[in-house]
Amino acid sequence: MAVRWLCSLFGKPFDGGKRMDHGGPQDQQQPYHPQHPAMMRLYEVQKEVSTLGPQVCTFSGLQNDREYKRMERELTQLLLQVDQVDTEGKLELQGARKRAAQEVEGLLRYLEENASHPSRLAIEELSNAARELVDERVVEPQRAGGVAEINDELVDALQELVLRLTQIKTEGRVPLRKARYRALTRLCAVQDVLESRTPQQTLSLPLSGDTHEAVNRINQVMVKVSMARSQLVALLMGLSGRDSCAHLSRILTELQVELDALDVSGNAAIRNYRKQVVEEINGLLKHLDLEGEGDDTRRYDLAQNNSIREIEAVRAHVSHLREGVLRHCVVGDLSFRPKAELQSLLTHLDQVDTAKNPCIREARRRAVVEVQAIVTFLDLREALVCRQPGPEEHPSHRAVWLVLGSLSDLQAQVLGFDGKRADKSYMMLEELLTKQLLALDAVDPQGDASTKVARKQAVKFAQNILNYLDMKTDEWEY
């Protein structure tokens, strides 16, 4: 995008074209050359735009960032320079200058739009919420000499923030994808660090220093590792202004060297103790390689990810099977039952490597839901066809089955639905499904145990259909 105007700027005017002055007769042909002062200046502007363009197109920060202000300042200066180019009233030069100005203005707009985009602000809001949570519960207590309070409540709160980040729309914009990826990467790393240390709080104290002279030194390293863990969490969440990943990496590597130098031969218990500490250090080191990984488009553009491609291939297969199932059901043919094929797709999805990426995990979960929706549809259809109620069937039980029959017809419509939430058909399906839930709520089991179980299962089934319809229309993107 940043050099889109080059061909139009330097393509044909330089070969020498006809020129018409305003209000005058046609002049003789006069060639324009790149050596013309105006064109030379536009060439220089083009070179600077070529350098700034890629930076603008991948910038993922906010308007108050130093990098944003630098690029905005340089682009504004370029715009002033283009405006000062003397075209001598010549139409070709005026056109070239206009195109150059439009390109610089386009970069300025793109920079501002992404830095102030609602999705970018939402990413920052969730990141700030995560920082405040981690600062209050983990970083500050340890800085004050206390112990961080790490429990299920904290882990669940962080997981909720991760899920909300995965649901933010990026509209395919590289800067927004990059910002979301970086926020998710750091938050997931903090989760991993915190969850890995949760069980250690319940362990007994390290081996006594009286056991072996090396134990006391390992205990000292353990204290430093604990401090490094707190520093790592602060780094990942942007709560440390002094430390850097490289500095912390050097500290941890030095601790590894110190442990390697210990003589623990002949004592299996101390060797295992040292091994445990080394593994803990390695676990922290793996999270320090975060400085540049957000700059690799293969990481934040998940369309290029092999796991996502696997999932998308399965979804395409599922779509084909779903169309076949619905096509046969329309004509009342229940012979097409690709359940074995659907089960194999579930197995395939279970084997997809998510690399602990929440976006890939969510993509896989949604694909699993799509497969399960077809399986449950086929199971209910078969149950309805095979149902043979006896004369002693409880009236309430029969009422539940009537609702299930209606739900089966509605599920077929939901499976085939391919619209948006604003569509009338969506609102109609949602209303009809809600009515079926109300109908189930009105069923009085009258003490019949089988009716209670059937109604409970039918309610869950109806809610699953509503959730599936909601999932199909939430415009989620990875």
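Positions are given from 1 along the sequence.
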Measure across [X] and [Y] and return the closest heavy-atom pair with its distance rounded to 0.1 Å.
X: Met237; Y: Val190; answer: SD-CG2, 3.5 Å
X: Ile311; Y: Ile360; answer: CD1-O, 3.9 Å
X: Leu79; Y: Ala101; answer: CD1-O, 3.7 Å
X: Met222; Y: Val277; answer: SD-CG2, 3.4 Å
X: Leu248; Y: Gln231; answer: CD1-OE1, 3.2 Å
X: Leu326; Y: Ala412; answer: CD2-O, 3.7 Å

Taking the side chain as C-beta and beyond, is there a heavy-atom pair between [X] and [Y] under 4.5 Å?
X: Leu52; Y: Leu78; value: yes
X: Glu258; Y: Arg217; value: yes
X: Leu154; Y: Glu136; value: no
X: Leu432; Y: Gln436; value: no
X: Glu341; Y: His317; value: yes
X: Leu165; Y: Leu161; value: no
X: Leu466; Y: Leu437; value: yes
X: Arg365; Y: Glu362; value: yes

Between [X] and [Y], is there a side-chain N and carboxylate O pair less than 4.0 Å apart?
X: Arg421; Y: Asp470; answer: yes
X: Glu171; Y: Arg173; answer: yes
X: Arg41; Y: Glu44; answer: yes
X: Glu124; Y: Arg131; answer: yes

Are the side chain of [X] and the backbone of [Y] linked by a donor-acceptor contact shorter than 3.5 Å?
X: Lys472; Y: Leu415; answer: yes
X: Ser307; Y: Asp353; answer: yes
X: Glu72; Y: Glu112; answer: no
X: Ser319; Y: Arg315; answer: no
X: Arg180; Y: Ile168; answer: yes
X: Asp423; Y: Lys420; answer: yes
X: Ser230; Y: Met227; answer: no
X: Arg361; Y: Thr354; answer: no
X: Arg182; Y: Ser60; answer: no
X: Asn467; Y: Gln463; answer: yes

Is it the case that over 12 heavy atoms from other parts of the model lie below 6.0 angstrom from the CD atom of Glu125?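 Not more than 12 within 6.0 Å, no.
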More than 12 non-hydrogen atoms from neighbouring residues, nucleotides or ligands closer than 6.0 Å to CG on Asp418, yes or no?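 Incorrect, the count does not exceed 12.
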Decide yes or no on side-chain contact (heavy atoms from CB on, under 4.5 Å) for Asp156 and Glu160, but give the supporting numbers first. CA-CA 6 Å; Asp156 290 344; Glu160 174 64 23; over 6 Å; no
side-chain contact (heavy atoms from CB on, under 4.5 Å) evaluation trace for Phe59 with Asn114: CA-CA 8 Å; Phe59 176 72; Asn114 288 311; over 6 Å; no
Roughly how far apart are [X] [atom1] and [Y] [atom2], rounded to 0.5 Å?
X: Tyr273; Y: Asn219; atom1: OH; atom2: CG; answer: 3.5 Å
X: Leu407; Y: Ile465; atom1: CG; atom2: CD1; answer: 5.0 Å
X: Glu431; Y: Lys424; atom1: CD; atom2: NZ; answer: 13.0 Å
X: Cys188; Y: Gln159; atom1: SG; atom2: CD; answer: 7.5 Å
X: Ser127; Y: Leu184; atom1: OG; atom2: CG; answer: 8.5 Å
X: Asn464; Y: Gln372; atom1: CG; atom2: CD; answer: 9.0 Å

Applying side-chain contact (heavy atoms from CB on, under 4.5 Å), run through Leu255 and Leu252 and close with a yes or a no. CA-CA 5 Å; Leu255 293 177; Leu252 291 170; 4.3 Å; yes
Taking Asp474 as the fixed residue, which of Gln167, Arg366, Lys169 is the one that meets the side-chain hydrogen bond (donor to acceptor under 3.5 Å, both in side chains) rule?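 Between Asp474 and the candidates, side-chain hydrogen bond (donor to acceptor under 3.5 Å, both in side chains) is satisfied uniquely by Arg366.
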Apply side-chain contact (heavy atoms from CB on, under 4.5 Å) to the pair Asn282 and Gln256, showing each step before the final yes or no. CA-CA 9 Å; Asn282 287 332; Gln256 280 187 323; 2.4 Å; yes
